[in-house]
Amino acid sequence: CIRDRELTMELYLIRHGETDYNKERKIQGSCDIPLNEYGRELARETAEGLKDIPFDVIFTSPLCRARETAEWIARGRQIPVYEDKRLQEICFGEYEGLCCGRRGYNIPDGGVFFDTFFFDTENYQAPPGGESFEDVISRTGAFLTELLQKREYQDKTVLLSTHGCALKAILANIYHTPVAEFWGEGVHKNCAVTHLSVKGTEFQMIEEGKIYYTPRK
């Protein structure tokens with residue numbers, strides 16, 4: 001029983017490095033967009049910053065931007081890297097690939113998507129074929145519950161390589177955050193790392209959104 005154990009898991013969460021879609025403010029939820037050169041630079045620098053963390057296993061979204069970020073951190077280590085679709089980014093359905101930036105905005109909704117997704121989350125309506133915040137919280141929560149129930153990981157150091165919204169959904173499961181407060185202080189930067197210690201069903205935040213590189217000005 002999880003409740004009875006005294007072992008401590010060190011859990012790290014990382015958002016993937018930058019992609020061209022990030023730079024261009026295009027919606028890339030389930031689009032499989034690779035890291036750009038700056039994104040790879042961020043992943044390399046973050047891997048260097050994490051080199052002394054003794055990861056035992058990495059779980060990653062199968063989308064290539066998260067997978068490549070995970071592979072940079074795994075490089076030179078004899079550890080497994082497992083893909084899990086539940087760590088994928090929120091799906092935006094018909095809006096995938098459209099621009100949500102203030103300049104170049106081309107979503108056919110008069111600006112409602114941008115405003116509700118980021119600033120009025122409890123009133124967000126998923127585009128046709130897309131997921132709601134509740135959907136993403138549900139599937140990431142199922143992954144987290146399963147991870148914590150596996151005895152082989154209960155005293156291990158585990159890294160999850162994921163995405164901005166999916167990472168916030170994991171934290172929403174941990175802290176029972178209401179959808180209205182989903183983003184908190186905002187989406188984490190690319191390759192930002194969050195560290196929690198987990199004992200039983202108790203989570204202790206050690207550090208949130210740490211970056212290991214100097215951002216471009």
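When side chains are defined from C-beta on, Leu144 counts as touching Ile174, because their heavy atoms get closer than 4.5 Å. By the 4.5 Å heavy-atom criterion applied to side chains, Lys23 and Glu18 are counted as neighbours. Side-chain contact between Glu68 and Trp72 is present, with at least one heavy-atom pair separated by less than 4.5 Å. A heavy-atom distance below 4.5 Å is not found between the side chains of Phe133 and Lys168. Side-chain contact between His16 and Leu63: absent, with no pair of heavy atoms (C-beta onward) separated by less than 4.5 Å.
There is a path of hydrophobic side-chain contacts, each under 4.5 Å, that joins Phe118 to Ile27. Residue Met205 is not grouped with residue Val193 when hydrophobic side chains (ILVMFWY) are merged at heavy-atom distances under 4.5 angstrom, including chains of intermediate members.
If you check the side chains of Ser61 and His163, you find a donor sitting under 3.5 Å from an acceptor. Between the side chains of Glu208 and His188, a donor-acceptor pair is found at a separation under 3.5 Å. Neither side chain, Glu89 nor Ser30, offers a donor N or O lying under 3.5 Å from an acceptor on the other. Of the N and O atoms on the side chains of Asn173 and Thr140, at least one donor lies less than 3.5 Å from an acceptor on the other residue.
Using bins of under 30°, 30° to 60° and over 60° for the plane-to-plane angle, the ring pair His195/Tyr12 lands in the parallel bin.
Taking 4.0 Å as the cut-off between side-chain N and carboxylate O, Glu41 and Arg44 do not count as a salt-bridged pair. One finds a salt bridge joining Glu24 and Lys26 here, because a Lys/Arg side-chain nitrogen approaches an Asp/Glu carboxylate oxygen to under 4.0 Å.
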